[in-house]
Amino acid sequence: MASAQLTRTNGTPSSTDIGTVSFWVKRNNLTLNNMYIISNYTDGSNYGYIRWKSDDQLQAYGTQSNDEKRTNRKFRDTNAFTHIVLRVDTTQGTAGNRVRLYINGVQEDSFSTSTNVGQNTDYDLFKSGGSMRIGYIQSGTASYLDGYLAHFHYADGQSYAPTVFGETDATTGLWKPISSPTVTYGNNGFFLTFDNSANMGLDSSGNSNNFSTSGTIIQAKDTPDNVFCTLNPLNNQNTLSLAGNKAVTGGNTGTAGTLGMSKGKYYYEVKVNTAGGSYPFVGFVTQDRYPVSSVGGGTAEWVGNGGLSDGDIVGLALDLDNNIFRGYINGSILAVDSSYVAGSDGAVTAGLNWIPAVSGVNSTFSCNFGNGYFGTTAVSSAQSPSDGIGIFEYAVPTGHKAICTKSLNAQEYS
């Protein structure tokens with residue numbers, strides 16, 4: 001959502017001292033400027049918000065209510081969705097129960113800063129007349145959220161536990177969303193499902209508290225139930241943007257993905273926005289290459305080494321059942337003895353864990369791991385693997401899947 005936001009003006013709330021905010025968020029970049037998830041800017045000087053601090057701590061803050069909850073721990077997982085619930089009831093006699101923060105269903109109790117709001121004090125996030133924004137705050141620059149959001153609930157007048165919105169999966173033991181929770185939303189309440197790609201600000205609570213949108217907001221295939229690979233800021237020497245799927249390289253620098261694989265068949269695509277110097281590579285590297293410096297050389301399978309041009313779309317197919325790697329340029333397969341493919345026979349070293357990666361000299365790449373976009377541009381032909389998970393520009397080789405958790409689970413543990 002970087003450089004994009006959703007906006008509406010709050011009306012008269014059901015309550016200004018009781019409310020709940022619940023959402024699932026997947027970060028795509030770390031240690032940047034402060035990234036706002038939700039904010040309510042009330043009168044030019046007072047505001048409330050939930051944001052990632054530039055040091056990766058999570059902070060809930062209100063100026064007029066004079067309260068702050070700032071975690072000790074830093075949130076640096078850019079692969080999974082995190083469920084966050086802010087539960088407010090300033091009428092509570094016990095000060096510590098007036099503002100509570102929950103992460104994946106568990107109450108947070110370790111804070112670098114924790115100030116308690118006064119009893120019966122209005123809470124800034126639930127005040128009327130404010131500029132309510134998702135993914136930004138009214139003032140400030142470079143404060144946009146870079147990430148994905150799902151199942152976004154806002155209820156004024158109700159203090160809900162996280163078990164209203166999430167539950168433990170009986171099979172995996174993981175915390176997962178309840179798709180249709182029973183919620184009383186109050187006058188200003190809303191539920192953003194992001195299901196309508198033509199209207200990403202559509203309120204599904206029944207209140208018609210719809211948001212206006214600005215910038216380019218992409219309806220990704222990523223959900224808390226199925227996470228797609230992105231480029232990993234923790235295994236990176238480049239500048240990342242656009243939800244972790246665009247890399248701008250410097251001097252022969254590389255970036256690896258967030259998901260790896262050891263068996264099965266997988267496919268992803270890379271658009272070469274700028275080929276840059278003579279060493280743009282795209283492909284796969286082994287897990288032991290951390291941090292990744294470049295794709296070419298060593299234990300890697302790649303397409304590149306001067307064979308890529310601006311605008312090329314490269315398909316990367318990895319078959320770990322038969323230990324074969326294949327590269328495609330604009331839909332055409334490369335000969336297995338091409339100089340663009342590492343190894344004279346296209347063979348892959350067996351028994352290793354492999355991770356998608358890109359590298360180059362002053363190059364720019366946009367990766368599509370199955371979300372169906374190169375940057376903010378949707379693929380034109382919408383080809384899908386045989387399991388129907390993921391969208392690509394070119395036909396997916398037989399049996400190959402997108403690099404996402406559902407496909408990985410199906411292939412790795414079959």
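Small disclaimer: the values here were computed from a predicted structure and weren't measured. Heavy atoms only: backbone and side chains are in, while hydrogens, waters and symmetry mates are out.
No donor-acceptor pair under 3.5 Å is formed between the side chain of Asp156 and the backbone N or O of Gly19. In this structure a side-chain-to-backbone donor-acceptor pair under 3.5 Å is present from Asp312 to Ser309. Distance alone, capped at 3.5 Å, places no donor-acceptor pair between the Thr377 side chain and the Gly375 backbone. The backbone N or O of Gly370 sits nowhere less than 3.5 Å from a side-chain atom of Tyr373 that would complete a donor-acceptor pair.
Relative ring orientation between Phe165 and His83 is described as perpendicular, the plane-to-plane angle rising above 60° on a 0-90° scale split at 30° and 60°. Taking the six-membered ring where the residue is Trp, Tyr41 and Tyr47 present parallel rings, their angle staying beneath 30° rather than reaching 60°.
Using modelled atom types, one finds no donor on one side chain facing an acceptor on the other under 3.5 Å when comparing Arg27 with Thr78. Side-chain N/O atoms of Arg8 and Asn210 include no donor and acceptor closer than 3.5 Å. A donor and an acceptor atom, one from each side chain of Gln57 and Arg70, are located under 3.5 Å apart. Using modelled atom types and a 3.5 Å distance limit, the side chains of Asp203 and Ser208 yield no donor-acceptor pair. Side chains of Asn226 and Thr405: a donor-acceptor N/O pair is present below 3.5 angstrom, by distance only. Looking only at atom types and distance, the side chain of Asn79 has a donor-acceptor partner in the side chain of Thr258 under 3.5 Å away. Residues Glu393 and Ser380 bring a donor and an acceptor atom of their side chains to less than 3.5 Å of each other. In this structure, a donor-acceptor pair under 3.5 Å is absent between the side chains of Thr82 and Asn104.
The ring-ring contact (aromatic ring centres under 6.0 Å, His included) check on Phe365 picks up nothing, with sequence neighbours excluded.
Proximity of Asn371 to Ile391: side-chain heavy atoms (C-beta onward) are nowhere separated by under 4.5 Å.
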Verdict with reasoning, Leu320 to Gln411, per side chain to side chain contact (heavy atoms under 4.5 Å, CB included): CA-CA 10 Å; Leu320 295 176; Gln411 298 201 88; over 6 Å; no
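With ring centers used as reference points, Phe191 lies under 6.0 Å from His153.
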